[in-house]
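Treat the numbers as computed from the prediction; the structure is a model and nothing was measured. Every number for a ligand or one of its atoms is a count from 1 in the order of the listing.
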Amino acid sequence: MVQQLSDAVGELAGVGPARQKALAELGINTVADLLTYYPFRYDDLQVKDVNEIADQEKVTLKGTVASEPVLARFGRKKSRLNFRLLIDHDVYMVTFFNQPYLMKQIETGQPIAVYGRWDAKRSSISGMKIINPNNKEAAFGSIYPASKSIKQPTIRKLIKQAYDEYGDAIVNIVPPTLMAKYRLLSRRQMIHDMHFPASQDASTAARRSATYEEFLLFQMQMQQLKQTDATTDGIAIHYDNDRLKAFIKTLPFELTKAQKRVVNEICLDLKSGKHMNRLLQGDVGSGKTIVAAIVMYAAITAGYQAALMAPTEILAEQHANNLAQVFADTDVNVALLTGSTKPAARKTLLAALAKGDINLLIGTHALIQDGVDYANLGLVITDEQHRFGVNQRAAFRQKGGQPDALAMTATPIPRTLAITAYGEMDVSEIDELPAGRQPIQTTWVRSNQANSALQFVRKQLASGSQAYVVTPLIEESETLDVKNAEALSANLQEYFAPDYTVGLLHGRMKPEEKEAVMADFKANKTQLLVSTTVIEVGVDVKNATIMMIYNADRFGLAQLHQLRGRVGRGSKASYCILVADPKNQQGIERMQIMTETTNGFVLAQKDLELRGSGEVLGVKQSGMPSFKVGDPIADLNVLQVAQQDAHALVQQPDWQSQPDNVALAQYLKQKLAAIGTLD
Ligand code: ADP
Ligand code: MG
């Protein structure tokens, strides 16, 4: 049989059902998925010159073991291993924490290479691993996102195996003229060098090719959608203006000027026969949900169904509860569909949906799965748009009809960038917050001051408020992260007992568990909620006025801004406490700017300045469509070039059947076919 990249990973020797399932959890189903499961970081294993390294830099040093290693143990699990390393004529101290088993690899007088963090003040290195000093080929150790059930080395080994077995099947997707124009690597070389670069230059070159490929494929999908938009009729949604006005009057608050303006912009699109493809931007807390409710109501008065898709079950759940209330006095029939809807309930729901008895369906990705059929879908809204892949709009198209599409995002990105990154959408902006909001006061403390911060939290709780405590994902293994969060919540529970109760929320919980935890917090049964970043988007509990973030320097500014936006949603004064010990000037500046402004736009700008281009490996800019390799901000020029190229390509009549484009057309077709089965 011919080997194809679309083969299931199960075809690989050593991948049985259990491993296949573990891979699927990481989004790896086919050999192609595995080959494009790129490392998020490379450890520089190239030996460096001591005189050229900066303080706290991670480096590999090579020398000779100059002293007998000394092992000191503390308790059962902790230990410290010391020895002296001779490089040229200087001696440096090497320390390994909690890796006593390395003892036997360290022999006086023998050459050794050590990878670790350099401490300039002490002229010492805090070791992370020992490397074979004669190792020539692996100058860069690729580090992959791993999970509890599948570990780093296994992933690396499988990728190597897949590459060895399927390398011949990797063909170029980008048309040859474009490959030549930008001097891109062949796809095979690119994939090789993404995983196993021989040098920094090789990895940079591979990344450059991969970025272009990724952006071109993205822009091709956008161009195809645009063509469909142009060649098929949209629906003119003739909504009932009187009912709409009456509905707005029933809301418990007056809309802000900005909300009114964007409602009008969207309604104009609805009425017109052209396809709406609009982005609604508005900072956290600016009130996007109610705008969504109003325009969905408009579509419903015209006899259409509306769908609202959220990136997480928690958020979908919350929207469903909120909107059920908002529509309580109307005849709108609201339903919720997620991955954890029980089969029987799902069946009833789908039947009602197909008959048109459900007017508004809220949910997660479940909304676009196979078997979910709408009677007459008129309007589709995605919340926190950046959390979705690029395909969900196409997937809704496959649900029949030509629904208008609105994408909501809190990202304060410049308009030009938004248009490029989201594929030439129209943009509406909510540029003011509802009246009466008190600005959130942000302070930054070092971790040795966390205790006084907790005393402050206690005072706030005493006044009846609630608090979020967030701990970031810091390990490469989810299990360890969960352990961190568990330890923190146990710690805090001890600290606040018996006065207050602490809840815990993390990514590995079952949906029902998460739901129960959120419900308890909403009902004030728990006063503190410790969480990994699952609460980042959308959660709305007005009584929560404190956001305390541990290891805050691990987050990007955009993400911190999102997290902070979880408080300050009512009229009470709110506080954000950042606990962080940044290791460099950039980190210090990032913490400072957070304390100085609550303006998301300023923060995004600053983020960009501080990050610069380059050094962005794997950093996902919250608020942009998520790409595997490319960074739409740092690589904006590539994104724009790819947009022009895609545009030019689809202008050519019959572009799909030209020999140069066959591979590309084929790839896009497969991609589209795969959407219906998305999780
Ligand atoms: P986001 O834009 O971040 O999604 P939400 O839609 O969750 O914001 O709104 C934040 C909070 O502000 C909600 O509790 C909502 O009820 C409230 N809100 C929205 N619009 C207004 C308004 N015009 N006046 C007062 N409160 C509002
Ligand atoms: Mg929201």
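If you check each of Arg437, Arg566, Lys542 against atom 11 (C) of ligand 1, the one with the closest non-hydrogen atom is Arg437. Nearest-heavy-atom check against atom 2 (O) of ligand 1 across Glu254, Lys288, Gln281 picks out Lys288.
Every atom of ligand 1 is numbered from 1 in the order shown, and the set under 4.0 Å from a heavy atom of Thr256 is 23 (N).
Phe247 places none of its side-chain heavy atoms less than 4.5 Å from the side chain of Thr301. Counting only heavy atoms from C-beta outward, the side chains of Gln493 and Thr501 approach each other to under 4.5 Å.
With a 4.0 Å heavy-atom cut-off, ligand 1 is reached by the backbone of Thr289 and by its side chain too.
A parallel orientation is assigned to the rings of Tyr297 and Phe327, their planes being inclined by less than 30° (bins at 30° and 60°).
Considering backbone and side-chain N/O of Val284, none are found under 3.5 Å from N/O of ligand 1. Ligand 1 has a nitrogen or oxygen under 3.5 angstrom from a nitrogen or oxygen of Gly287.
Using a 4.0 Å cutoff on heavy atoms, Gly285 counts as a contact of ligand 1. Put simply, no part of Met408 is less than 4.0 Å from ligand 1, judged by heavy atoms.
Classification of Glu254 and Lys260 as a salt-bridged pair holds, one side-chain N sitting under 4.0 Å from a carboxylate O.
The 12-atom threshold is exceeded at NZ of Lys274, counting heavy atoms of other residues, nucleotides or ligands nearer than 6.0 Å.
A side-chain N or O of Ser428 and one of Arg278 form a donor-acceptor pair less than 3.5 Å apart.
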